[in-house]
*Asks:* 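Structure in structure tokens, see below.
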Amino acid sequence: MSMRKVAVVGAGMTKFVRRAQETAKELSWQAAHMALESCEMTMDDIEAVCLGTAPDSFDGIHMNGEYLSDGAGAWRKPFMRSYVGGGTGVFVPIQGWYHVASGLFDVVLVVAEEKMSSYYPHAQAAFLTIFDHTTERPLKPNLLWIFALEMNRYMSTYGIRKEDIALVSVQHKRNAADHPCALLGDPNITVEDVLNSETLAWPVQRYDVSPVSDGAVALVLAAEHVTKRVTDKPVWIEGVGWNLDTAHWTNRDLAYPRYVEYAARQAYEMAGIKEPRKEIHIAEPYDPFDYKALHHLEGLQLADRGQAAQLYVDGVAARDGDMPVCPSGGLLGVGNPIAAAGLMKIAELFWQLRGEAGERQVPGQPKRGLAQAWGDLMQVGTVVIMGR
Amino acid sequence: MTANIKEFPGTPLSEQDFAEGNILFNYDELRGHFAWDTGIAIGRYLAALKEGIILGARCTTCRKIVVPPRIVCEWCFRPMHEYIPLQDTGTVNTFSLCYVTWDVKRIEEPEIPAVIEIDGASPLHGIMHMLGEVDPPKVHIGMRVQAVWKPAEEREGAVTDILYFRPLQEV
Ligand SMILES: [Zn+2]
């Protein structure tokens with residue numbers, strides 16, 4: 001394939017909060033404005049806009065992408081919204097990447113936004129509509145069921161203990177204490193706190209879950225010749241991958257996300273990565289629930305099946321470990337405004353690889369990182385690999 | 001860059017800001033009404049449930065037996081026209097003890113949703129349903145269960161024609 005090199009050259013984000021006073025458009029603008037300022041560009045430099053936002057049902061606005069377009073700077077420009085549920089935040093930069101890699105555009109603005117707080121009283125109820133209207137919804141399902149059912153199957157298949165899974169939540173929330181935009185950073189949280197938190201849907205307890213949030217993140221992507229002009233610290237998008245499993249989620253292996261494996265293999269091949277456990281220096285797997293980070297690390301081939309918790313037990317996943325996992329603080333700590341949360345992981349890799357992550361900086365001048373998200377009807381994996 | 005930035009945008013509000021009217025807001029309810037036709041395969045599935053039968057479908061190419069039935073095999077992308085009555089027994093693939101309802105209300109007695117692999121379907125092929133007539137701490141993965149049906153005259157061709165699955169008393 002003949003594709004052009006594409007770099008991330010700028011990034012911006014808002015705080016992630018439970019309820020933002022700003023509207024969805026205003027959050028989009030704040031992040032976009034900051035991303036442009038970070039690389040000293042204006043809207044005149046932007047040739048196309050890619051926007052990611054998750055279910056319209058949160059906002060109660062049909063065609064929410066178009067509704068947000070003025071905040072995202074899409075006026076009189078080619079504009080496209082992508083939506084693959086929770087996977088959106090890592091899919092929208094892939095969309096921006098092929099806009100530029102293809103040669104169609106030289107500079108693209110990528111914006112991801114979520115305002116979950118408008119759905120009243122709790123965004124959780126909006127998820128009812130992801131279940132099949134005839135075969136599932138009459139049982140009055142709730143979104144927690146999906147995670148609880150998958151977590152239980154995952155734990156039982158490999159004999160994983162809840163206290164080991166709780167380590168994920170502890171580490172991510174502790175990491176988030178160093179993130180200036182974080183909603184649930186806590187430097188002192190312990191495994192006991194997680195294990196003693198309210199049981200929502202066993203085995204899922206309150207601190208196993210990321211918080212509903214409002215927020216936005218934006219990136220500027222550029223082709224090589226523009227990149228050289230605007231920065232001496234480009235971070236290149238080296239590999240991308242995405243893959244979908246069956247929508248009949250009760251007809252598949254819940255203990256192992258094969259679709260994440262396929263997405264990762266696509267991205268590794270493009271990036272020329274043969275031994276991901278050695279060549280990936282920072283991993284930002286999708287962590288809406290603590291066990292999901294483990295599940296995904298295994299799908300990403302960064303741990304053997306059933307063994308990802310050991311990375312946390314042994315300190316490998318710590319910020320100063322051999323392969324730091326979610327040094328940002330992840331969704332569990334920074335917050336989970338769905339599409340924005342995924343793109344936050346890409347922004348984190350951008351800052352980490354440039355050595356600009358401040359208190360969160362991973363030591364040893366990391367060269368390569370991977371971000372992954374998951375979503376749709378519990379069935380999509382999206383992966384981006386970045387390097388410098 | 002995060003290292004150089006002192007103040008990030010975004011203004012947090014609390015629930016109290018709404019309750020006490022510190023901010024202006026617009027409250028509205030959206031109401032949607034739908035009548036979903038059941039289609040071909042799920043139509044057959046629901047009609048069978050009314051007769052007290054769990055129906056699957058078989059792919060003649062890869063021989064997979066799926067439940068609920070569908071008209072196309074995802075693996076082969078070939079038509080699935082063979083409907084097969086399955087058992088109304090199965091094995092718990094996974095379950096949860098859930099203490100919150102779909103709209104986040106707390107409940108004392110847990111609901112017990114489960115994925116149940118149905119006897120007669122291919123391995124790992126199950127449906128989501130509820131467990132009942134069981135002491136929650138005794139539920140386990142691998143537990144054998146059987147459907148508890150509504151009385152025949154009350155069935156209406158819906159997944160709720162099965163009230164729940166209960167532990168199977170093997171003879
Ligand atoms: Zn087939």
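The analysis underlying the following values was restricted to heavy atoms, covering all of them including side chains, and did not include hydrogens, waters or symmetry mates. All values reported here derive from a predicted model rather than from experimental measurement.
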*Asks:* With a 4.5 angstrom heavy-atom cut-off, could you sort out which part of Phe127(A) is near chain B: side chain, backbone, both or neither?
*Replies:* neither

*Asks:* Any heavy-atom pair between the side chains of Val115(B) and Trp249(A) that's under 4.5 Å?
*Replies:* yes

*Asks:* Please confirm whether the backbone N or O of Phe95(B) pairs with a side-chain atom of Asn152(A), one donor and one acceptor, at under 3.5 Å?
*Replies:* yes

*Asks:* At a 4.5 Å cut-off on heavy atoms, which part of Glu111(B) comes close to chain A: side chain, backbone, both, or neither?
*Replies:* side chain

*Asks:* Check whether any side-chain heavy atom of Cys98(B) sits under 4.5 Å from a side-chain heavy atom of Trp145(A), and report yes or no.
*Replies:* yes

*Asks:* Checking heavy atoms, do the side chain of Leu254(A), its backbone, both or neither come under 4.5 Å from chain B?
*Replies:* side chain

*Asks:* So for Glu26(A), is it side chain, backbone, both, or neither that comes closer than 4.5 Å to the heavy atoms of chain B?
*Replies:* neither

*Asks:* Can you check whether Glu7(B) reaches Lys15(A) side chain to side chain, under 4.5 Å on heavy atoms?
*Replies:* yes

*Asks:* Indicate yes or no: at least one non-hydrogen side-chain atom of Phe18(B) is less than 4.5 angstrom from one of Arg19(A).
*Replies:* yes

*Asks:* Taking Ser96(B) for the side chain and Trp202(A) for the main chain, is one N or O donor matched with an acceptor at less than 3.5 Å?
*Replies:* yes

*Asks:* Is there a side-chain contact between Pro12(B) and Arg18(A) in this structure, where contact means two heavy atoms from C-beta onward sitting under 4.5 Å apart?
*Replies:* no

*Asks:* With a 4.5 angstrom heavy-atom cut-off, which part of Leu149(A) approaches chain B: side chain, backbone, both or neither?
*Replies:* both

*Asks:* With only heavy atoms counted, which part of Ala123(A) is less than 4.5 Å from chain B, the side chain, the backbone, both or neither?
*Replies:* neither

*Asks:* Is Arg153(A) close to chain B through its backbone or its side chain, or both, or neither, when contacts mean heavy atoms under 4.5 Å?
*Replies:* both

*Asks:* Could you look at Leu200(A) and say if it's the side chain, the backbone, both or neither that has a heavy atom under 4.5 Å from chain B?
*Replies:* both

*Asks:* Non-hydrogen contacts under 4.5 angstrom with chain A: give the residues of residues 145-153 of chain B involved, or none if there are none.
*Replies:* none

*Asks:* Which bit of Ser122(B) is near chain A, if near means a heavy-atom gap under 4.5 Å: side chain, backbone, both or neither?
*Replies:* neither

*Asks:* Name the option with the most non-hydrogen atom pairs under 4.5 Å to chain B; the candidates are His33(A), Glu198(A), His248(A).
*Replies:* His248(A)

*Asks:* Out of curiosity, Thr160(B) OG1 to Lys140(A) NZ, how far, rounded to the nearest 0.5 Å?
*Replies:* 9.5 Å

*Asks:* In terms of heavy-atom pairs under 4.5 Å with chain B, which of Leu27(A), Leu128(A), Thr157(A), Leu139(A) leads?
*Replies:* Leu139(A)

*Asks:* Passes side-chain hydrogen bond (donor to acceptor under 3.5 Å, both in side chains), Thr11(B) versus Glu22(A)? Steps please.
*Replies:* CA-CA 7 Å; Thr11(B) 314; Glu22(A) 290 82 358; 2.6 Å; yes

*Asks:* More than 12 foreign heavy atoms under 6.0 Å from CD of Glu40(A): is that the case here?
*Replies:* no

*Asks:* Who in residues 31-49 of chain B is close to chain A, using a strict under-4.5 Å heavy-atom cut-off?
*Replies:* Trp36(B), Thr38(B), Ile42(B), Tyr45(B), Leu46(B)

*Asks:* Locate the shortest heavy-atom distance separating Ala247(A) from Glu74(B); write the atom from each residue and the value.
*Replies:* N-OE2, 4.1 Å

*Asks:* Side chain, backbone, both or neither: which part of Tyr120(A) has a non-hydrogen atom closer than 4.5 Å to chain B?
*Replies:* side chain

